[in-house]
Amino acid sequence: MLLFLRDVLIILIVAILVSFLIKTFLVRSFYIPSASMEQTLHIDDRIIVNQLTPSVFPLGHGDVVVFRDPGGWLPPSEPVAQPPLTAAIDWVLSIVGLSASDSNDHLIKRIIGLPGDEVACCNPLGQMTVNGVPLEEPYITLPAGTTKVSDVDFDVTVPEGYLWVMGDNRYNSRDSRYNTDKPGNGFVPIDNVVGRAMLVSWPVSRWAWLDNYPEVFRDVETAGASAAPALPRTASSGG
């Protein structure tokens with residue numbers, strides 16, 4: 001009996017260790033706390049994030065990425081009191097990557113501009129353009145009767161080492177457009193990217209791979225980091 005219990009304990013320890021290593025270096029689970037990515041992602045959806053991007057695999061246009069707050073994008077959050085048992089379970093799940101107690105300290109958006117890109121909005125048809133190429137964006141949510149894909153006009157060039165990101169729920173997303181007065185002038189440092197969101201894992205009824213819509217960006221040519229300014233510059237915005 002003791003030998004059996006020992007073997008079970010060893011198996012559990014090894015399983016937790018392997019899960020911890022996977023969570024640390026490969027994949028991680030996050031939950032969605034806001035509506036900024038609807039209808040792609042809903043509040044309380046659970047997603048699986050590939051942490052090998054961008055350290056091993058490159059980032060691309062249209063990728064949905066989780067990143068640490070560049071500074072001031074999120075309001076200060078107060079710790080939520082949990083019953084001791086719930087807190088203990090959540091801690092164990094976070095160790096193996098099945099829970100993310102720090103989801104409220106991260107953001108999730110879609111990459112629209114890579115280093116060197118000129119990203120502008122809006123053209124006479126109300127479309128976003130990247131390097132002069134108008135985008136047909138099937139993933140966005142707009143208010144009824146609205147065709148302009150952003151209520152804020154801007155024209156920016158993405159600096160080396162940074163990204164321009166936007167939420168799919170365009171009129172309900174505090175993304176790069178609204179943080180030009182914050183550190184980085186609305187651009188997200190690539191070093192802040194935790195990984196690329198791959199799939200919705202929960203609830204089961206919403207299980208789906210997250211598309212980066214390569215056809216939307218097929219004609220977009222990245223200008224290249226050498227053409228980008230060394231430091232972020234503030235976006236010009238208007239009504």
Side-chain angles (χ1 to χ4, degrees), residues 11-70 73-74 77 79-80 82-83 85-112 137-141 163 165-170 172-175 188 190-217:
I11 291 172
L12 287 175
I13 292 173
V14 170
I16 291 174
L17 178 60
V18 170
S19 298
F20 173 75
L21 292 174
I22 290 174
K23 176 239 178 176
T24 302
F25 298 107
L26 298 180
V27 297
R28 188 176 175 189
S29 174
F30 284 87
Y31 73 88
I32 305 303
S34 75
S36 69
M37 284 295 291
E38 291 183 347
Q39 297 295 324
T40 303
L41 297 170
H42 294 177
I43 295 174
D44 290 334
D45 277 356
R46 297 273 173 170
I47 58 171
I48 300 299
V49 173
N50 174 13
Q51 296 188 111
L52 294 178
T53 304
S55 59
V56 176
F57 302 108
L59 294 166
H61 293 105
D63 286 350
V64 176
V65 292
V66 172
F67 56 95
R68 296 184 301 276
D69 186 350
W73 286 38
L74 293 171
S77 59
V80 178
Q82 291 182 313
L85 180 58
T86 302
I89 293 173
D90 189 60
W91 178 81
V92 171
L93 291 176
S94 69
I95 289 295
V96 299
L98 297 177
S99 174
S101 58
D102 59 349
S103 285
N104 282 324
D105 299 327
H106 293 74
L107 298 101
I108 183 165
K109 308 291 179 189
R110 191 180 298 275
I111 296 175
I112 303 299
E137 302 179 279
Y139 43 79
I140 63 174
T141 296
L163 304 168
V165 299
M166 300 178 70
D168 289 357
N169 192 354
R170 286 289 165 79
N172 189 21
S173 175
R174 305 303 293 183
D175 49 39
V188 175
I190 291 177
D191 288 344
N192 281 37
V193 175
V194 174
R196 177 189 171 189
M198 298 186 302
L199 59 88
V200 178
S201 59
W202 189 265
V204 174
S205 61
R206 285 192 36 76
W207 189 94
W209 290 100
L210 293 175
D211 197 347
N212 61 357
Y213 295 88
E215 68 279 2
V216 173
F217 301 92

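All of these numbers come straight from a predicted model, not from anything done at the bench. Numbers here are sequence positions counted from 1.
- The line from CG of L210 to OG1 of T40 is 7.5 Å long, rounded to the nearest 0.5 Å.
- Remark: side-chain polar atoms of N169 are not paired, donor with acceptor, to backbone N or O of S173 under 3.5 angstrom.
- In terms of modelled atom types and a separation under 3.5 Å, the side chain of S201 and the main chain of I48 share no donor-acceptor contact.
- For the pair D63 (side chain) and V65 (backbone), a donor-acceptor distance under 3.5 Å is absent.
- Separating the CG atom in L199 from the CG atom in D211 is a distance of 13.0 Å, to the nearest 0.5 Å.
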Exercise. Step by step, work out the side chain to side chain contact (heavy atoms under 4.5 Å, CB included) result for N172 and E38.
Key: CA-CA 9 Å; N172 189 21; E38 291 183 347; 6.0 Å; no
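- Looking at every heavy atom in both residues, V193 comes nearest to F67 through CA-CB, 3.9 Å.
- Evaluated for a side chain to side chain contact (heavy atoms under 4.5 Å, CB included) with M37, the options D45, I43, T141, V64 yield exactly one hit, V64.
- Shortest non-hydrogen contact noted between P58 and T53 is O-CG2, 4.0 Å.
- Remark: I47 CD1 to M198 CE distance equals 10.0 Å, nearest 0.5 Å.
- Contact between L74 and D105 at its shortest, heavy atoms only, is CD1-C, 3.8 Å.
- Interatomic distance, D44 CG to W202 CH2, rounded to the nearest 0.5 Å: 12.5 Å.
- To the nearest 0.5 angstrom, S55 atom OG is 12.5 Å from I190 atom CD1.
- Qualifying ring-ring contact (aromatic ring centres under 6.0 Å, His included) partners for Y139, counting only residues two or more places apart in sequence or in other chains: Y213.
- Q39 and R206 get closest at one heavy-atom pair: O-NH2, 4.2 Å.
- Judged purely by atom type and a 3.5 angstrom limit, R110 uses its side chain to pair as donor or acceptor with the backbone of G62.
- A donor-acceptor pair under 3.5 Å links the side-chain atoms of D175 to the main chain of G167, judged by distance alone.
- A distance of 8.0 Å separates OG in S34 from CG in L107, rounded to the nearest 0.5 Å.
- A donor-acceptor pair under 3.5 Å is formed between the side chain of N192 and the backbone N or O of R68.
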Self-check item: Evaluation steps, side chain to side chain contact (heavy atoms under 4.5 Å, CB included), between N50 and F57
Solution: CA-CA 10 Å; N50 174 13; F57 302 108; 4.1 Å; yes
